[in-house]
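Predicted model, so just to flag it, every value in this text is computed and none were measured. Sequence positions, counted from 1, serve as the residue numbers for this chain.
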Amino acid sequence: MAIANIPNGWLDYKSIENFPCTDLRTIDRLWVKYSNGHFCFSVQKRIWLECGGSECHK
C-alpha cells in the first residue's frame, strides 16, 4: 500500500470513495484471471446477489 500512499496499509471509507474505477476494474480483471475465476469483486457481488443480498447505492 506504500505505492498508493496509504501509511497503515488499510483503505478507509473516504479512500475507497475516491479509488479510481479504472484501477478497481483492472484489479478485478487480474484477480479473475489469476484465480481462474474463483475470486474477485465481481464474483463476490454475484454470490452476494444470488444469496439474497441487495445492491445499495447512495
Side-chain angles (χ1 to χ4, degrees):
M1 291 300 221
I3 294 171
N5 196 24
I6 300 169
N8 64 2
W10 297 96
L11 290 170
D12 60 17
Y13 186 74
K14 185 173 179 148
S15 297
I16 292 169
E17 283 185 329
N18 294 318
F19 202 88
C21 287
T22 54
D23 292 347
L24 193 58
R25 285 187 188 106
T26 299
I27 291 167
D28 188 62
R29 189 173 60 249
L30 290 170
W31 200 2
V32 169
K33 180 179 179 179
Y34 291 104
S35 72
N36 292 318
H38 295 284
F39 306 102
C40 67
F41 299 118
S42 54
V43 169
Q44 291 176 26
K45 177 184 175 184
R46 188 192 67 217
I47 293 168
W48 169 258
L49 294 174
E50 287 174 357
C51 291
S54 64
E55 293 187 45
C56 59
H57 301 280
K58 289 185 175 183

#### Entry: Single-linkage hydrophobic cluster Leu24~Phe39, side-chain heavy atoms < 4.5 angstrom
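Same cluster.
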Separation between SG of Cys40 and NZ of Lys33, rounded to the nearest 0.5 Å: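 So the SG of Cys40 and the NZ of Lys33 are separated by 14.0 Å.
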Nearest-0.5 Å distance that lies between atom OG1 in Thr22 and atom CD1 in Ile27: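 Answer for the OG1-CD1 pair, Thr22 versus Ile27, is 9.5 Å.
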Q. Residues sharing Val32's hydrophobic cluster, by side-chain heavy-atom contacts under 4.5 Å among ILVMFWY, directly or via others?
A.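 ILVMFWY cluster around Val32 holds nothing else.
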